[in-house]
Amino acid sequence: MSTLQDLLAAVASGGIEVVDLTAPLSEDTPILQLPPPFANTQRFSRSELSRYDERGPAWYWNDFTTGEHVGTHFDAPVHWVTGRDGEDVSQVPPRRLIGPAVVLDFATEAAADPDFLLEVDHIRSWETTHGALPDGGWLLYRTGWDARSHDSDQFLNANETGPHTPGMSGECARWLAEASPLLGIGVETVGTDAGAAHSFDPPFPCHSFLLGADKYGLTQLQNLALLPPTGAVVIAAPLPIVRGSGSPARVLALVER
Ligand code: MN
């Protein structure tokens, strides 16, 4: 059999499981909330055009409105000023939308400290057990935050000092952007940066360094707990919005069982 026939046979038999890493997209999907004077994105919303009625007797359809950065979504380089001359989301080569993924699990640490930051040493330590980060692949950063995504307040976890959600240090973001072979980073939180990253130097270092290095971000992933530390293949499929800075995306993982 051919490689693709082998793949289909394995999917059909359950030898390869397809795990959906995408959060359901609805009016309840939590969104990033920036403080004044910054502009904020719109929630997902929809208006019904017809539902088997006089407006369209045999068909149901809606219009919808959404920000580019709502729910599980893809950050393209042009999203950040450091990547302003880079790819928009329609220009990301299809070849880069499928690649290997590793999962680094810091859910215990993030449960103990919602401001937990991933550091280069954490990754180096992980590599001694699991091997090097994958060339052209994703680092999927598990924090357990997907369990909060049904509740906007829990998910954003903000108080009078701002949002408190896990992320990575500026040094770690710089290292991943400049020294690692990765394609990008995927997170369970509302953005790739930590909740407190507005106060980092530079601010929002994950966005600043990775998008500036022609790498990508994936946010609000779920089900990372179902993936092995190494060996999964991720398919990330944003809409090719012309000149778009990002897009809601369906993100799937293939896992050998
Ligand atoms: Mn984004």
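Note that the numbering runs from 1 along the sequence shown for the chain. Only this structure's heavy atoms are used, side chains among them; waters, hydrogens and symmetry mates stay out. Given the structure is predicted, the values throughout are model-derived calculations rather than measurements. Whatever order the structure lists ligands and atoms in, that order sets their numbers, starting from 1.
Judged by the 6.0 Å distance and 45° axis criteria, Arg51 is positioned over the aromatic ring of Tyr60.
In this structure, Trp80 and Phe204 have perpendicular ring planes: the angle between them is above 60°, well past the 30° mark. Taking the six-membered ring for Trp and thresholds of 30 and 60 degrees, Phe106 and Tyr141 have ring planes more than 60 degrees apart, a perpendicular arrangement.
Any protein N/O/S atom under 2.8 Å from the Mn ion (ligand 1) was counted, giving 3 altogether.
Counting only residues at least two apart or in different chains, side-chain hydrogen bond (donor to acceptor under 3.5 Å, both in side chains) contacts with residues 246-257 comprise Glu17-Arg257, Asp20-Arg250.
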* Asked: Does the pair His164 and Phe116 meet the rule for a ring pair (Phe, Tyr, Trp, His ring centres under 6.0 Å), with working shown?
  -> CA-CA 9 Å; His164 295 278; Phe116 175 77; over 10 Å; no

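When each of Thr22, Val70, Thr29 is checked for a side chain to side chain contact (heavy atoms under 4.5 Å, CB included) with Gln220, only Thr29 meets the rule.
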